*Asks:* 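Below is a structure I'd like to ask you about.
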Amino acid sequence: MAAEGIDEFDIRDYLRTELLPHFMCPGCGHGIALRALLWAVHEERIAKDQLAIVTGIGCSGRVGGYIDANTFHVTHGRPLTFATGLALARPDLEVVVITGDGDCLAIGGNHLIHACRRNLRMTCLMLNNEIYGMTGGQVSPTTSEARLTTTTPYGNAEPTFDACGLAAAAGAGLVGRGMTLQTVALKNLIREALAYRGFSFVEILSDCTEIFGRKNDLGSSPEMILRQKGSMRPDFYGNTVEHPFRPNNLTTGIIARNERPEYGDTYRSEVLAPHGHGGAAAGVSAPVE
Amino acid sequence: MGAGQRINLQGNHACALGAIAAGCRFYAGYPITPSSDVAERMALELPKVGGVFIQMEDEIASMGAIIGASMGGAKVMTATSGPGFSLKQENLGYACMVEVPCVIVDVMRGGPSTGMPTRPAQGDIMQARWGTHGDHPIVVLAPSSVSEAFSETIRAFNIAETLRTPVVLLYDEVVGHLVETVQVPDPGSVARAERKWATGAREAFQPYAATDDDIPAMARPGDGYRCHATGLTHGERGLPTQNPAEVERAMQRLLGKLERHRDVIDRFETFAAEDAEILVVAIGITARAAKRAVAEARRQGIAAGLFRPVTLWPFPEQPFRALAERAKAILVPEMNAGQLSLEIERLSGRPAKVARINRLSGEPIEPAEILKTIEELARHGR
Amino acid sequence: MNALDKESASPHGNRDAARPTNVLIVGVGGQGVLMVSKVLAALCQSEGFEVKQSEVHGMAKRGGSVFSHVRFGEQVWSPTIPRGEADIVVALEWAEGVRWLDHLKRDGGTFIADTQRIVPPISFRNRTRNAASAYAPETPAEVVALVGNGFALDATSMATGLGDRRVANTVLLGALSTVLPFAAEHWLAVIEQFVPAKTKDLNRRAFLAGRDWAVSAERVPAAAATDAVAQKVTARAIETAPAHLLTINEAWCKGCDICVKMCPERCLSLNARMVAELARPDACTACHLCEWLCPDFAIRIESAPAVKGAS
Amino acid sequence: MDHVLETRASARTPIAESSSAPAAQRAGRPLTGNEAIARGAWEAGIRVAAAYPGTPSTEIMESLADYPAEDLHAQWSTNEKVALDVAIGASFAGVRALASMKHVGLNVAADALMSLTYIGVNGGLVIVVCDDPGIHSSQNEQDTRLFSRFAMVPCLEPADAQEALVMTREAFDLSERFDTPVIIRSTTRLSHTRSLVTLGERTVPPSGHFREDPRKNVMVPAHARNRHPKLIEREAALRAYFATSGHVRWETGRRDIGIITAGTPYAYVKEVLPDASILKLPAAYPLPLDLIGRFCESVERVLVVEELEPAMETEIRAAGLKVEGKAFFPRVGELAPEVVRAGLESAGILEPQPKVEPWQLTPPARPPVLCSGCPHTMSYMALRALDARVAGDIGCYTLAALEPLRSIDTCVSMGSSIANAVGIAKAGTEAKPIIATIGDSTFLHAGIPPLIDAVYNDANITVIILDNHITAMTGGQDHPGTGRNLRGSETARVDFEQMVRACGVKWVRKVDSYNVAEMYQACREAAAFKGVAVVISDRPCVLDPVKIKGPPLEVQAKNCIACQSCMNLGCPALGWSEDMFEGHHKVRINAALCIGCTLCAQICPSDCIHPSVQ
């Protein structure tokens with residue numbers, strides 16, 4: 001499917017194909033999410049050289065390595081901080097952060113809220129698979145209640161995080177949620193996020209089949225991907241079978257939009273310009289003199 | 001350095017101005033006593049040169065931000081104090097592994113934990129060396145005056161950029177808050193080292209190639225190299241690897257890189273040390289007290305001398321060993337429970353001849369105390 | 001041929017008074033064929049005729065083609081109308097009208113049909129690119145011209161305009177009333193017995209709207225534009241569908257089964273090595289779903305490849 | 001506005017002769033054949049009635065339930081044999097009883113029938129059997145008249161609703177007088193045709209009582225041997241009775257042609273050849289052969305016009321009478337005026353009509369489909385994904401054999417699926433998972449013994465019980481799994497899960513039929529289980545007991561990628577729009593048909609289907 005006037009998208013053009021097949025498990029949703037991102041990048045006509053991917057630690061963190069772009073695989077929970085420095089220093093780059101539910105909300109939760117507050121132009125994709133997959137399946141801030149993980153062997157007793165609600169409340173410019181089942185919609189959502197001048201946060205519901213799915217008896221990969229919309233089931237006749245699923249009602253699409261000035265713009269106009277510096281996208285990487 | 005001008009400066013401000021002079025255009029920090037003046041001065045100065053100042057949500061974020069900005073091509077710095085320095089350690093390790101130039105200022109205060117925020121100490125000597133986990137290369141510079149705070153900051157940037165390594169600027173609260181007259185050179189007259197940027201064909205480029213000088217050229221985003229940076233052990237292509245041979249080779253190069261460039265790194269000061277029988281080794285404000293004590297001892301006829309490592313880590317071993325062999329006794333005064341003395345004992349060849357003055361009270365060590373110990377060493381030997 | 005040029009009314013009486021009058025009511029299950037026939041039957045009875053009304057229940061009512069025979073007269077024997085002897089065919093759905101048209105008397109039967117199109121899903125079972133619809137391609141104008149005495153009205157739109165599309169049936173009854181010898185008030189009285197009390201007024205207006213429309217000169221709905229669109233859709237031939245090529249990179253496939261299960265046409269399967277393969281290439285419509293949902297980028301569909309030597 | 005209408009209406013010449021004033025209301029009430037049968041039974045004073053729903057017989061019991069509960073007990077039974085046995089019990093107890101069923105239901109009840117015919121009746125007992133010539137909604141078109149001959153039970157054949165009422169009423173008298181059960185044979189065309197009927201009053205016979213008579217009531221070999229000769233005697237007596245019955249209609253017309261007929265074909269004969277001599281018989285069995293002989297003598301040529309089998313023709317010929325019939329009339333399908341006319345034309349009795357060229361029209365095929373929101377849909381989607389070998393059963397869900405679900409491989413008779421699956425599994429030739437699908441009502445009807453059989457014989461099969469809480473196919477009747485009886489009162493409810501476990505099934509899972517992923521998973525896991533696994537697909541039918549409806553769903557055309565995943569549901573609310581996407585039609589949802597089940601939205605991979613905002 002090619003958007004008008006754009007060459008047909010071939011994902012191989014955006015991958016370090018020599019590294020494939022990737023390390024992710026069979027049926028892992030992260031691959032689909034990656035396709036959606038690269039597809040959106042293609043349709044937004046972002047040059048690979050200008051694309052900077054910053055990823056944290058975890059399965060989501062490893063996604064970046066397959067992208068034929070400037071990729072930075074940084075420390076656990078901190079990709080937003082690295083991206084903040086990068087985006088401030090290099091406003092000419094398209095900075096995209098790929099993070100996971102644990103990376104972004106647990107260890108990196110503080111950075112998320114401040115990145116949202118700051119509204120510095122970048123796109124943050126949080127791949128939510130409800131689990132710490134890389135470390136073998138421990139409970140994460142988004143693990144649904146009652147779910148089994150290696151650290152909740154008797155069922156998760158903690159309530160879960162609504163990442164989008166958090167981001168919206170923290171003032172993120174654009175907040176959206178998509179799911180891997182809906183690749184095209186997800187791609188379109190990411191396009192909006194990429195095009196947004198400010199901090200955009202996209203939560204992507206992505207399945208961990210091999211660890212989370214198996215542990216919780218959620219079925220095969222196709223079953224899990226279909227389950228992403230399971231909560232759409234009508235309750236007008238009462239649900240005859242109870243089964244907990246993702247608690248956050250699965251609203252997808254754009255969830256919030258806070259029209260606020262982009263931080264970099266503000267910094268350049270309010271702080272740098274009075275000193276005779278800072279064009280629209282002036283960076284600080286080049287030697288000044 | 002050119003003529004410039006003489007101005008009165010606080011140590012922290014001198015550090016900030018040194019950074020600007022060295023080409024720093026990105027600063028991220030988080031307030032912490034006694035380092036906050038650095039951030040405040042950077043916030044004031046950076047816009048004037050088109051640079052970016054940002055106060056992040058914590059020290060971890062500050063460290064991440066400067067690494068990110070440096071990977072984007074900027075010369076970067078952050079400043080903190082002990083507790084914050086601890087928080088920066090993981091990302092500092094990342095910078096070591098990924099070989100990202102950056103300067104981290106640690107203005108030492110009493111510790112551990114919250115300790116004495118407003119009192120000086122020198123307790124981070126070992127943290128500065130071994131703060132992050134795993135074997136890693138690190139350069140630590142220890143200025144002892146406001147003037148040096150200025151000049152060593154410049155040197156820190158130049159080492160960082162030249163060798164693609166994080167450089168820690170380590171000084172105590174006294175140096176940080178001391179106001180002295182400093183000869184500030186004209187802008188433009190400061191020698192600035194620039195990073196070795198990748199050039200040439202993308203296909204042939206390897207981001208971690210073992211080049212002649214063991215310092216790989218860095219690819220700047222947007223220049224077409226589209227490289228991968230990772231804290232995972234990586235091979236020459238920058239991609240993660242667990243191949244034992246490849247890992248060994250990569251780590252050997254990383255750790256050996258600084259040794260190969262000691263000429264760029266090493267700096268030390270000696271005072272009456274050539275024939276010293278009693279050699280005092282100190283850094284920071286303590287070194288200045290020691291210098292006065294040594295001068296007084298000489299006046300009394302005691303063959304005392306001073307060795308001050310300005311580059312604290314890696315320790316300037318060779319020059320020190322030469323002096324240490326001759327000395328009958330070595331005295332290490334420091335505002336901690338004995339960190340520098342550990343290294344001195346190791347390097348002296350005879351730990352028994354190393355005497356210590358340790359101070360944990362938050363008070364600087366007076367020259368008289370040092371002199372007293374020198375006199376005792378001279379009388380009784382060790 | 002323009003149906004409007006034809007004479008506006010072709011009055012035909014029942015020349016053999018002993019013969020019953022035959023009305024065939026057809027539609028799609030769920031449309032209310034039974035309700036229409038019940039109204040008619042009750043009216044005929046109240047007018048003093050013997051009435052037989054016959055329908056079929058069971059499987060046929062589930063979205064399938066539904067029909068009801070209503071016969072009335074002095075004496076009615078057979079419950080069903082012989083083929084070709086229906087005096088009137090009332091169709092609640094366009095294609096159903098076309099389907100039962102052959103039951104209409106050739107010499108002057110009356111055809112009253114809603115132009116509403118309920119396109120059966122099966123009409124598009126050929127899901128290849130640019131496949132044509134199998135829905136009745138005949139336009140209302142053509143059919144009206146064919147039968148001579150035909151009324152094709154957009155009863156559903158009229159009903160929607162009145163406030164509830166469900167009263168389309170009553171609109172049709174209004175049109176039907178113009179060709180049967182019963183007084184309008186009698187019709188309305190019977191209709192009121194069969195509709196919910198609160199919709200009496202709505203149904204009355206619907207009946208009058210249909211009746212009004214039928215006595216006007218129109219024979220096909222004015223909204224010819226919708227027909228034009230319909231024409232475009234139904235007549236869209238299978239243009240040269242662009243060839244496509246689905247390739248699977250076996251080295252990248254991890255056999256997660258997503259493509260196999262998600263393919264709408266079930267074209268794919270996992271082979272013995274647990275690698276996806278295109279088992280039914282002919283069924284592939286190049287919808288791209290497998291490509292998009294493959295987490296391993298192993299599937300690629302070239303939507304318009306430069307097929308060398310392809311005709 | 002009224003006067004305008006009147007004027008315009010009169011401008012058009014009506015089709016029928018207009019009566020200047022409304023004629024007097026025609027006498028009687030419009031009743032369907034089934035309603036008339038129920039009325040006849042009520043008028044005859046029945047006290048007990050039982051049935052299992054089956055098209056076209058269902059409305060008989062539903063109509064009986066409209067009469068006061070003090071007058072009669074009417075019930076749904078779990079199957080036709082049970083229904084007949086209930087009626088037999090009532091007859092034993094001395095009251096009039098009725099059992100109704102469709103033709104294939106009589107097969108289920110046949111075991112009881114073949115003994116009942118030996119026993120006879122105490123209270124009058126009538127079995128109404130509705131045949132389905134033309135197979136509008138059945139799996140075959142067997143002819144019950146052959147069954148009645150086989151069972152030596154008289155078989156009355158009403159021709160219209162009025163006769164249906166009267167014959168039913170009189171059948172009870174006949175039953176008691178001749179000590180025999182009586183079959184009333186209806187057909188779809190009679191059962192579902194509404195015509196005017198004159199009603200009678202209810203007459204309740206004096207209350208009877210159980211008659212202790214083991215030689216008649218207990219069919220052990222010694223007793224049965226004595227009863228068989230009584231049947232022969234009874235047959236002769238009935239033969240004589242039917243020669244004089246008031247329902248014999250001998251219409252003297254043309255001498256050159258006589259027609260022997262019975263039931264609804266009589267109406268077609270009257271329609272097509274009203275001036276023929278006609279002998280209309282009240283019963284196809286036993287035949288009054290003497291009377292028939294006299295009729296044959298009265299005319300030059302005799303044709304037998306009967307639907308389906310040559311039941312009368314064969315017997316008349318066997319009696320040495322010269323008649324014709326099936327040489328001109330089909331043995332398959334439903335008769336109709338045009339069919340009878342064609343037969344008479346080929347017999348040379350009527351002049352062939354001029355051939356009319358059919359119009360060249362091409363309407364689309366419109367096969368029946370599962371309702372929008374039908375909970376069965378998802379079960380079959382899952383089975384289709386499994387690529388399973390599926391033994392189907394009788395119910396709405398048989399439609400899943402058609403495109404697009406196309407996931408049922410066999411359909412035999414009520415309850416066959418499970419045992420069919422056992423057989424397929426035991427044959428050992430099938431590599432695919434073997435699945436039996438059976439509705440809740442059908443499972444209770446005849447599915448439990450085969451399930452026990454499957455467990456007992458350790459068959460490796462999966463059974464999907466499609467529990468939609470109703471007998472849906474026949475229009476929504478209650479059954480023991482719904483918790484309500486025929487009259488709508490609360491009653492005990494079968495718990496399928498417990499029942500299945502009690503049968504010994506180790507793997508049981510209940511799944512919401514609207515949960516796409518769960519359904520896929522349950523079917524896959526069940527199929528993987530070695531042994532009998534049962535999935536209970538649980539959602540109420542969209543039509544009953546309360547019409548359930550959520551906000552209809554909408555397709556946001558801009559997002560539709562025309563992948564057509566949803567179209568596999570075969571939902572009638574899903575259609576194509578004129579919008580195209582890369583050469584494929586986009587999907588549109590008919591809001592009037594959509595009930596908001598969300599299955600399409602759950603399957604949709606493009607997030608283009610959402611509940612409409614209401």
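Naming convention: chains lettered A, B, ... in sequence-line order (proteins, then strands); numbering from 1 in each chain. Values in this document were obtained by computation on a predicted structure and should not be read as measured data.
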*Asks:* In terms of ring plane angle, is the pair C/W292 and A/W39 parallel, tilted or perpendicular, where the classes change at 30° and 60°?
*Replies:*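 Aromatic pair C/W292/A/W39 classed tilted.
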*Asks:* CG of A/D10 to CD1 of C/I301: how many Å apart, nearest 0.5 Å?
*Replies:*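 So the CG of A/D10 and the CD1 of C/I301 are separated by 12.5 Å.
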*Asks:* Non-hydrogen atoms of chain C under 4.5 Å away: do they reach the side chain of A/T180, the backbone, both or neither?
*Replies:*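 The backbone, not the side chain.
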*Asks:* Please round to the nearest 0.5 Å and tell me the distance separating atom OG1 of A/T183 and atom CD of C/E291.
*Replies:*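 Interatomic distance, A/T183 OG1 to C/E291 CD, rounded to 0.5 Å: 10.0 Å.
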*Asks:* Given side chains that start at C-beta, do those of A/E223 and C/K261 come closer than 4.5 Å, heavy atoms only?
*Replies:*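 Contact flag for A/E223/C/K261 side chains = no.
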*Asks:* A/L20 versus chain C, heavy atoms under 4.5 Å apart: side chain, backbone, both or neither?
*Replies:*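 Both parts, backbone and side chain.
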*Asks:* Would you name the heavy atoms of A/G27 and C/C256 that are closest together and state the gap between them?
*Replies:*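 For A/G27 and C/C256, the tightest heavy-atom pair comes out as N-CB, 3.1 Å.
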*Asks:* Using every non-hydrogen atom in the two residues, find where C/A251 and A/P21 come nearest and quote the distance to one decimal.
*Replies:*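 Distance-wise, the nearest heavy atoms are O-CG, 3.4 Å.
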*Asks:* Can you confirm whether C/R205 is buried at CZ, in the sense that more than 12 heavy atoms of other residues, nucleotides or ligands lie under 6.0 Å from that atom?
*Replies:*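 Check passes, neighbour count above 12.
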*Asks:* Testing the basics here: between A/M24 and C/K254, what is the closest heavy-atom pair and its distance to 0.1 Å?
*Replies:*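 Closest pair (atom of A/M24, atom of C/K254, distance): O-NZ, 2.8 Å.
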*Asks:* Who among C/D257, C/V260, C/L293, C/N249 has the most heavy-atom pairs with chain A under 4.5 Å?
*Replies:*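 The option with the most such pairs is C/L293.
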*Asks:* Ignoring hydrogens and geometry, is there a side-chain-to-backbone donor-acceptor pair from A/H22 to C/F297 under 3.5 Å?
*Replies:*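 No; judged by distance alone, with no hydrogens or angles, the pair does not exist.
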*Asks:* Under a 4.5 Å cut-off applied to non-hydrogen side-chain atoms, are A/L181 and C/M262 in contact?
*Replies:*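 SC-SC contact between A/L181 and C/M262 confirmed.
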*Asks:* Please flag which part of A/L226 lies under 4.5 Å from any non-hydrogen atom of chain C: side chain, backbone, both or neither.
*Replies:*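 Just its side chain gets close to chain C.
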*Asks:* Which atoms of C/C294 are under 4.5 Å from chain A, going by heavy atoms: the side chain, the backbone, both sets, or neither?
*Replies:*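 The backbone, not the side chain.
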